[in-house]
Amino acid sequence: MPDTTNNPNRKSWLDVPANSDFPIQNIPFGVFLTPDDIITIGSRIGNHAIDLGALHQLGYFDEIPLTDDIFLQDTLNDFISDGKKTWRLVRNRIGDIFDIDNPVLRDNKVHKDIIIFRMDEIEMQLPVQIGDYTDFYSSKEHATNVGMMFRDPENALLPNWKHLPVAYHGRSSSIIPSGIPIHRPQGQTMPPGADKPVFGPSKRVDFELEMAFITTDANNLGEPIPVNEAEDYIFGVVLFNDWSARDIQKWEYLPLGPFLAKNFASSISPWIVTLDALEPFRTDTPEQDPAPLEYLQFSGKKSYDIELEVALQPEGAKETTVSKSNFKYMYWNMSQQLAHHTVNGCPVNSGDMMGSGTISGPTPDSYGSMLELSWGGKNKVVLDDGTERTFIEDGDTVIIKGYCQNEHVRIGFGEVSTKLLPPFE
């Protein structure tokens, strides 16, 4: 099934502002609450949300094998389960419907009033019911920085790091969409020079610049996914802020890894951008030395050139960009991550989420966490209003944005924006 939506010359009869993340070539998928308090599955072009439930009920997806209620649900899980052929058919059809030369919906005011909303009229929801969540640790630059800070700088990477995509199995209950504020977490820490731990609010709350991919039903128990087939089971990608409490993490993570320091919240952008939309932005994965074992060896371009940036916005002030990075820096790509995740026969289901791990680049202005930007709290990060940060303070909002751009088109993710509130009382 060819992808017709990526034609860079295509335009929509819906208004699309210059430099919009959501031209007709994007067609992401999400879930939103309509002005009538109805939850529906939708898509977006420019600053317009498209009610796919209404579009389907009015007959615009005729001849595509879809159940009557496929878009009338509060998650994308069932639609994702239908597989890549269905995703592409639907995305192509949406592109055709909203093509500037197609008058069928364009000239039907009654239908347009039912199907199309302004973005400021709706409320975005979590797009999938996340059954399982895995967080990888796949940026060589980030892993090296952390290793230099906390271990021997001459041996910053642990012996296994260049041989497999390191990861841990996380939780899904506190993954939230953009716009939902979170509270400063509390837990045990071991103050410098102390001989016993104390309980209280974390003093080192941090963001982690990540992306995450969403899978479909992929394999049966015991059945690995080959690395060169992995993309067939990846529905799309979101921006991901995997919040961390560094002081809690430092005390609790041995011997089994992070727990309270990581499970208090993770924030995602609400629109899932499909791999089909990202196709024009494929790029080479960084050279892997030594060569990975055979099951992780892939052919072709499996990485994506996605520009990323992080801004901090103190309460009542303007935002300051503190980091600019790129998804292409990741040492281990998504196909390798999914292949490794399943090589032992672990089954993957519709709506599972895989975090990339913190995405840091080669220069200090491209580091993907305050831990690195402040180098463990030793350096001040100066904001545009003159205030300084080493970690995130109460009232601060962290804003992550991402987009791909070439000479023809820009495909973006919008943003994931989250405000840190004081500890819960």
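- Within the 4.5 Å cutoff, no side-chain heavy atoms of Asp289 are placed close to those of Lys162.
- Inter-residue side-chain proximity for Leu72 and Gln57 is flagged as met; some heavy-atom pair is nearer than 4.5 Å.
- Under the rule for a side-chain hydrogen bond (donor to acceptor under 3.5 Å, both in side chains), Asn379 has no partner lying at least two apart in sequence or in another chain.
- Under the 4.5 Å side-chain criterion, counting only non-hydrogen atoms from C-beta, Phe117 is in contact with Phe32.
- Judged purely by atom type and a 3.5 angstrom limit, Asn228 has no side-chain atom pairing as donor or acceptor with the backbone of Phe298.
- Counting heavy atoms of neighbouring residues, nucleotides and ligands inside a 6.0 Å radius, atom CD of Gln129 does not exceed 12 of them.
- Judged by distance alone, the side chain of Arg44 and the main-chain N or O of Pro28 form no donor-acceptor pair under 3.5 Å.
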Inset, instruction - Show your working on side chain to side chain contact (heavy atoms under 4.5 Å, CB included) between Glu319 and Thr397 and close with a plain yes or no. - result: CA-CA 8 Å; Glu319 64 186 65; Thr397 298; over 6 Å; no

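- Scanning all heavy atoms of the two residues, the minimum distance from Leu296 to Gln336 falls at O-NE2, 3.0 Å.
- Counting heavy atoms from C-beta on, the side chains of Met330 and Ile359 come closer than 4.5 Å.
- The NZ atom of Lys301 sits 15.0 Å away from atom OG of Ser335, with the distance rounded to the nearest 0.5 Å.
- A distance of 11.0 Å separates CD1 in Ile234 from OG1 in Thr216, rounded to the nearest 0.5 Å.
- In terms of modelled atom types and a separation under 3.5 Å, the side chain of Glu252 and the main chain of Pro258 share no donor-acceptor contact.
- Dense packing is recorded around NZ of Lys302, with more than 12 heavy atoms of other residues, nucleotides or ligands lying under 6.0 Å away.
- Side chains of Asp217 and Ser81: a donor on one and an acceptor on the other come within 3.5 Å.
- One finds the CG atom of Leu164 at 10.0 Å from the CZ atom of Phe136 (value rounded to the nearest 0.5 Å).
- The shortest distance between side-chain heavy atoms of Ile392 and Phe207 falls below 4.5 Å.
- Side chains of Thr274 and Asp276: a donor-acceptor N/O pair is absent below 3.5 angstrom, by distance only.
- Leu239 CG to Ile400 CD1: the interatomic distance, rounded to the nearest 0.5 Å, is 7.0 Å.
- Of the candidates Thr134, Asp352, Asn219, His341 forms a side chain to side chain donor-acceptor pair (under 3.5 Å) with just one, namely Thr134.
- With Ser350 contributing its side chain and Asn77 its backbone, the two residues share a donor-acceptor pair below 3.5 Å.
- Counting heavy atoms from C-beta on, the side chains of Asp82 and Leu66 come closer than 4.5 Å.
- By the neighbour-count criterion of 12 heavy atoms within 6.0 Å, atom CD of Glu315 is sparsely surrounded, having that number or fewer from other residues, nucleotides or ligands.
- With respect to the salt-bridge test (charged N to carboxylate O, under 4.0 angstrom), the residues Asp101 and Arg10 do not qualify.
- Checking side-chain atoms of His56 against main-chain N and O of Thr67 turns up a donor-acceptor pair under 3.5 Å.
- For the pair Ser178 and Pro270, the minimum side-chain heavy-atom distance is below 4.5 Å.
- Between the side chain of Gln25 and the backbone N or O of Ile411, no donor-acceptor pair lies under 3.5 Å.
- Applying the side-chain contact (heavy atoms from CB on, under 4.5 Å) test between Ile97 and each of Leu55, Val104, Asn92 identifies Leu55 as the sole match.
- Under the 6.0 Å cut-off for aromatic ring centres, Trp87 and Phe29 do not qualify, their centroids lying 6.0 Å or more apart.
- In terms of modelled atom types and a separation under 3.5 Å, the side chain of Thr215 and the main chain of Tyr233 share no donor-acceptor contact.
- Defined by atom type and a distance below 3.5 Å, a donor-acceptor pair is present between the side-chain atoms of Ser266 and Arg171.
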Inset, instruction - Just do the side chain to side chain contact (heavy atoms under 4.5 Å, CB included) check on Thr387 and Glu393 with the steps written out, would you? - result: CA-CA 11 Å; Thr387 59; Glu393 296 187 3; over 6 Å; no

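- A donor-acceptor pair is defined here as one N or O able to donate and one able to accept, closer than 3.5 Å; no such pair exists between the side chain of Trp161 and the backbone of Thr144.
- Among residues two or more places apart in sequence or in another chain, the side-chain hydrogen bond (donor to acceptor under 3.5 Å, both in side chains) test is passed with Asn263 by none.
- For the residue pair Thr363/Asp365, the side-chain donor-acceptor check at 3.5 Å is satisfied.
- Considering every non-hydrogen atom in both Ser138 and Gln337, the closest pair reads OG-NE2, 3.0 Å.
- Residues Asp206 and Ser244 have side chains that never bring a donor and an acceptor to within less than 3.5 angstrom of each other.
- Relative to the ring axis of Phe61, Arg93 does not place its NZ or CZ within 45° and under 6.0 Å from the centre.
- The main-chain N or O of Pro422 is found under 3.5 Å from a side-chain atom of His183 such that the two form a donor-acceptor pair.
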Legend entry - CA sep, side-chain torsions, deciding dist, call: His111, Tyr60, ring pair (Phe, Tyr, Trp, His ring centres under 6.0 Å): CA-CA 11 Å; His111 282 190; Tyr60 287 88; 5.7 Å; yes

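- Counting heavy atoms from C-beta on, the side chains of Pro165 and His340 come closer than 4.5 Å.
- Rounded to the nearest 0.5 Å, atoms CG (Leu371) and CG (Asn145) are 8.5 Å apart.
- Within the structure, every pair that satisfies the salt bridge (charged side-chain N to carboxylate O under 4.0 Å, His left out) test and touches residues 259-273, not counting sequence neighbours, is listed here: Glu208-Lys262, Asp242-Lys262.
- For the residue pair Ile214 and Gly351, the shortest heavy atom distance occurs at CG2-CA, 3.9 Å.
- Lys84 has no carboxylate O lying under 4.0 Å from a charged side-chain N of Glu231, or vice versa, which leaves the two without a salt bridge.
- Put simply, NZ on Lys401 and CG on Leu308 are 12.5 Å apart, with the number rounded to the nearest 0.5 Å.
- Side-chain atoms of Gln125 come within 3.5 Å of backbone atoms of Glu123 as a donor-acceptor pair (strictly under, hydrogens ignored).
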